[in-house]
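This one's a predicted model, so the numbers in the text were calculated from it and none came from an experiment. We name chains A, B, ... by the order of the sequence lines, and we start the count at 1 in each one.
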There are 2 protein chains.
Amino acid sequence: MDTFPAEKIQAASSGLRAIAHELRLAILCHLSGGPLTVSELLARTGANQSNLSQHLAKMRMLGVLDCERRGQQVTYRLANPAFAQIAEALKAIYCASDTEQNSGDPAACPNPSPTQRSTP
Amino acid sequence: MDTFPAEKIQAASSGLRAIAHELRLAILCHLSGGPLTVSELLARTGANQSNLSQHLAKMRMLGVLDCERRGQQVTYRLANPAFAQIAEALKAIYCASDTEQNSGDPAACPNPSPTQRSTP
DNA sequence: AAGTTATATTATCTTATTCTAATATTGTCA
DNA sequence: TGACAATATTAGAATAAGATAATATAACTT
């Protein structure tokens with residue numbers, strides 16, 4: 001996959017920023033099952049009202065969520081169902097059925113590593 | 001999709017944070033086509049060497065990339081092929097074939113919006 | 001060993017995120 | 001109209017992320 005036009009990268013990274021936060025990802029996951037009102041999200045996430053509202057606003061402004069008011073309740077939904085696929089991919093990565101994920105040292109790498117010659 | 005265990009959300013959001021940046025997303029896209037050396041990434045992204053290295057380090061520490069040194073070159077690759085799916089999903093969202101994406105005001109919403117009664 | 005290439009690390013400054021608390025809007029109902 | 005419920009907004013302080021420049025390390029070459 002190299003065909004991601006450079007001009008779109010900026011927009012896409014904004015979209016990612018919109019969900020790259022513990023609470024906002026939780027919101028995404030909950031909304032992947034269908035629209036929910038703020039109260040429902042409040043109950044499911046256990047978040048602080050003001051804080052939740054701010055995060056919802058950010059997700060909306062960054063184009064991840066749409067919302068609609070009905071009386072005094074506001075319902076939020078994914079602006080694009082493909083956002084749920086991102087949650088799916090994450091689940092595949094972080095909820096692998098195996099016992100453990102990656103046994104290696106996360107920081108292990110380049111300079112510290114032992115020499116490996118390309119032409120032994 | 002509500003079956004994303006709460007304990008995993010934190011790890012997953014770290015993974016997202018690792019790619020929620022213009023340059024890091026570009027790196028992900030380039031590596032989706034297969035492993036590349038730092039020099040190759042340097043050429044393709046046009047980034048500053050020090051900066052690129054720091055972003056690669058962050059992606060590695062957050063578990064998105066693996067790397068391996070061969071002589072004086074270091075090759076980076078996706079730690080999990082499923083990360084490429086995220087790039088695919090983003091492409092679906094942000095590179096829709098239609099002329100334009102979402103024509104609505106991104107900020108339009110709740111309080112500012114006109115009344116809609118639930119029982120008209 | 002000295003020079004050179006490839007890459008990583010550190011330091012610092014600037015800017016952006018995030019949380020909390022307080023307050024404001026909007027809509028409903030008695 | 002006045003109280004209440006649902007949600008949004010603002011302001012401020014604390015923390016994190018980012019860019020740049022300078023320097024360090026590691027491996028190769030002569």
Separation of [N] [atom2] from [X] [atom1] (nearest whole Å):
X	N	atom1	atom2	value
A:Gln10	D:dG18	CD	C1'	15 Å
A:Gln72	D:dA8	CD	P	12 Å
B:Leu41	C:dA8	CG	C1'	15 Å
B:Leu23	D:dG18	CG	C1'	11 Å
B:Glu22	D:dA17	CD	C1'	15 Å
A:Leu36	D:dA6	CG	C1'	16 Å
A:Gln49	C:dT25	CD	P	15 Å
A:Gln73	D:dA5	CD	C1'	9 Å

For a quick test of reading the model, state the closest non-hydrogen atom pair linking [X] to [Y] and the distance between them.
X	Y	result
B:Val74	B:Cys67	CG1-CB, 3.9 Å
B:Leu52	B:Ala47	CB-CB, 4.3 Å
B:Ala87	A:Phe4	O-CE1, 3.6 Å
B:Gln49	B:Leu42	CA-CD1, 3.7 Å
B:Ala82	A:Ile93	CB-CG1, 3.4 Å
B:Ile86	A:Ala89	CG1-CB, 3.7 Å

### Query
Can a donor-acceptor pair under 3.5 Å be found between the side-chain atoms of A:Ser39 and the base atoms of D:dA6?
no
Practice prompt. Mark yes or no for a side-chain to base donor-acceptor pair under 3.5 Å between A:Ser50 and D:dT7, with no hydrogen or angle criteria applied.
Written response: no
Test side chain to side chain contact (heavy atoms under 4.5 Å, CB included), reference A:Met59, set A:Leu78, A:Leu31, A:Ile27, A:Asp66, output is A:Ile27
Considering only side-chain heavy atoms of [X], which listed nucleotide, [options], is closest?
X	options	result
B:Val74	C:dT28, D:dT9, C:dT7	C:dT7
B:Leu56	D:dA6, D:dA21, C:dA8	C:dA8
A:Arg60	C:dA6, D:dT9, C:dT9	D:dT9

Open item on the list: Distance alone, cut at 3.5 Å: any donor-acceptor contact between the side chains of B:Arg24 and B:His55?
Closed with: yes
- Query: So, is A:Tyr76 near the phosphate of D:dA8, with a side-chain N or O under 4.0 Å from OP1 or OP2?
  - Reply: yes
A:Ser53 versus A:Val38: any side-chain heavy-atom pair under 4.5 Å?
no
Atom pairs under 3.5 Å, N or O on each side, protein against nucleotides 15-18 of chain C: can you list them with distances?
unit_1 : atom_1 : unit_2  : atom_2 : d
C:dT18 : OP2    : A:Arg24 : NH1    : 2.9
C:dT18 : OP2    : A:Arg24 : NH2    : 3.4
C:dT18 : OP2    : A:Lys58 : NZ     : 3.1

Do any N or O atoms of the protein come closer than 3.5 Å to N or O atoms of nucleotides 11-14 of chain C, and which pairs are they?
none

